[in-house]
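Sequence lines set the chain letters: A, B, ... in the order given, protein chains first and strands last, and positions in each chain run from 1.
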There are 2 protein chains.
Amino acid sequence: MAAVSSPSRRRTEALSRERIVDAAVALLDDAGEGGLTFRALSQALATGPGAIYHHVANKEELLAAATDAVVAGTLADEPDGTPQDKVRALALGLFDAIDAHPWVAGGLTASSWQATSPRIFEKVGRQVRDLGVPHDRWFTVTSVLVQYILGAAAQNAANARILGPDVDRDEFLGAVSTTWEELDTDEYAFTRTVADQMRSHDDREQFLEGIDLVLAGIGTTVRPTGTPVMPASPSRS
Amino acid sequence: MAAVSSPSRRRTEALSRERIVDAAVALLDDAGEGGLTFRALSQALATGPGAIYHHVANKEELLAAATDAVVAGTLADEPDGTPQDKVRALALGLFDAIDAHPWVAGGLTASSWQATSPRIFEKVGRQVRDLGVPHDRWFTVTSVLVQYILGAAAQNAANARILGPDVDRDEFLGAVSTTWEELDTDEYAFTRTVADQMRSHDDREQFLEGIDLVLAGIGTTVRPTGTPVMPASPSRS
DNA sequence: ACCTGAACACCGTTCAAGT
DNA sequence: ACCTGAACACCGTTCAAGT
């Protein structure tokens, strides 16, 4: 916060990768994916478009860095409780972050095996290990959990994006629900019957139920020494 | 296939939404997301850029239509077997389609609640119903399944994209695995221990294991009339 | 070394003008 | 009604020139 050190230049502070990334996050947050522009960015930083290239290779790397900044913030605080609780807390933290910054979803799929995902992978993987999953299944089970978390959060963010800030959620869900009710009787027999469930569902709640479903599935593969196979987390209905 | 009817014009056939969408799919397939351009498209169709707008509202709608065309093709043939088998077949069909046309992943998240997703939702939902899931959980369980399928497939496609056609998969996985082994001992204690599992994993296989994990989770919530809670699909190890 | 900002090679989209 | 293609208002990225 202190703009002290170094002899004052034309700008308050010299350009730096960190300042650029911060400005990028701000731009993405209030103007969306399409709002991140080297021209808009250079204006916000009181510099020329070319200057940014001295600190960032290209737009893709910039988006990845902005994504990483948000995710790192989310993973900062350590949850506590059972491994199941920790998975839920981690998942919900990411879900909320992606909901608040929908552009993160795009950034994550664009840079999967890079810096960001390993961070998430590590946090989730530790819980998988503590859950008692056999060692030879750690990679697969952790991957599946991470894939569900990021996949579900990304799809939720996509919906939030088309909703926009000015569209009423209930109104929108009601409209979709009505559309579903009017679908072809034969071709969409199933979808029609859940139109009302769709109208009244809660995204966060549904996301958590998905986590619990996967945790329950993991539970069926876990055999704590000497005890029989048990469905996971009996503490939740 | 027959280019008969109507008096011959400068082009073999008049422009139509279908011809435009077909050309878009072809363009996306061999040049990727960035290859779809109104200029490239109009050249392929021997017309001007403006002409396309008489049949398609904008690029977003065009991408959605192209996505829908691919997905509809995938869902065309009806699988058979148990509901579990059908879910696996449906999921694998989508996985393979997204793997073959990576741009579909982006198209799906960009137009989630539109025409494409309901088609997938319906197909999956019917199996959820046949699985014996209680009626009041149909929407949630189906959503979770669809979210996992599309989310995992999308992330796989993202990896395939950064891999590219000219990069050797084994070599790439080996490189990532080595990176993981060299990560910080404390910060990445878990990730380091699964570096070798990551090197030898198979994407399709892992995807299917994820499906089975979710199905197993669903199994713990299913109570066929009069019988106790049972883990799902005892037929698979 | 870092920054500037004009310039290059593109985009999606529009629109007067043609048929 | 459908098509044309120039034109508009943008992009990301580069690069000579400055400090």
Is there a donor-acceptor pair under 3.5 Å between the side chain of B:S177 and the backbone N or O of B:L173?
no
Which residues within residues 23-32 of chain B lie with some heavy atom under 4.0 Å of an atom in DNA chain D?
none
Exam field: side chain B:E122 to backbone A:T191, donor-acceptor pair closer than 3.5 Å
yes
Is a side-chain N or O of A:H201 found less than 3.5 angstrom from the main chain of A:M198, in a donor-acceptor match?
yes
In whole angstroms, the gap separating P of C:dG5 from CG of A:L15 amounts to 13 Å
Would you indicate whether the side-chain heavy atoms of A:F121 and B:F190 approach each other to under 4.5 Å?
yes
So, do B:Q197 and B:V194 sit near enough that their side-chain heavy atoms are less than 4.5 Å apart?
yes
Cationic N near anionic O, under 4.0 Å, B:E78 to B:K123
yes
Defining pairs by Watson-Crick or G-U wobble geometry with both distances under 3.5 Å, how would you list the stems of DNA chain D with at least three pairs each?
C:4-8 with D:12-16, C:12-16 with D:4-8
For residues 32-41 of chain A, run the donor-acceptor check on the side chains, cut-off 3.5 Å, and write out each pair with its distance to 0.1 Å, sequence neighbours left out.
residue, atom, partner, partner atom, Å
A:E33, OE1, A:R161, NH1, 3.4

Pairing of B:D96 and B:R204 as salt bridge, 4.0 angstrom limit
yes
Partner of A:V104 under side chain to side chain contact (heavy atoms under 4.5 Å, CB included), picked from A:L94, A:V25, A:V71, is A:V71
How many whole angstroms separate atom CG of B:L41 from atom P of D:dG5?
16 Å
By ring-ring contact (aromatic ring centres under 6.0 Å, His included), which residues pair with A:F207, not counting sequence neighbours?
A:F95, A:Y148
Hey, are A:R17 and A:D22 close enough for a salt bridge, meaning a charged N less than 4.0 Å from a carboxylate O?
no
Are more than 12 heavy atoms, taken from residues, nucleotides or ligands other than B:E61, located less than 6.0 Å from that residue's CD atom?
yes
N/O to N/O distances under 3.5 Å, protein versus nucleotides 6-12 of chain C:
residue, atom, partner, partner atom, Å
C:dC11, N4, B:R39, NH2, 3.3
C:dG12, OP1, B:L36, O, 3.3
C:dG12, OP1, B:K59, NZ, 2.7
C:dG12, OP2, B:F38, N, 3.1
C:dG12, N7, B:R39, NH1, 2.8
C:dG12, O6, B:R39, NH2, 2.7

Would you say a side-chain N or O of A:H55 is under 4.0 Å from OP1 or OP2 of C:dC3?
yes
Below 3.5 Å between N/O atoms, which protein atoms pair up with nucleotides 16-19 of chain D? Just atom names and distances, please.
none

Electrostatic pair B:R119:B:D68 at N-O distance under 4.0 angstrom
yes
Protein-nucleotide distance (A:L45, atom CG; C:dG5, atom P), rounded to Å
14 Å
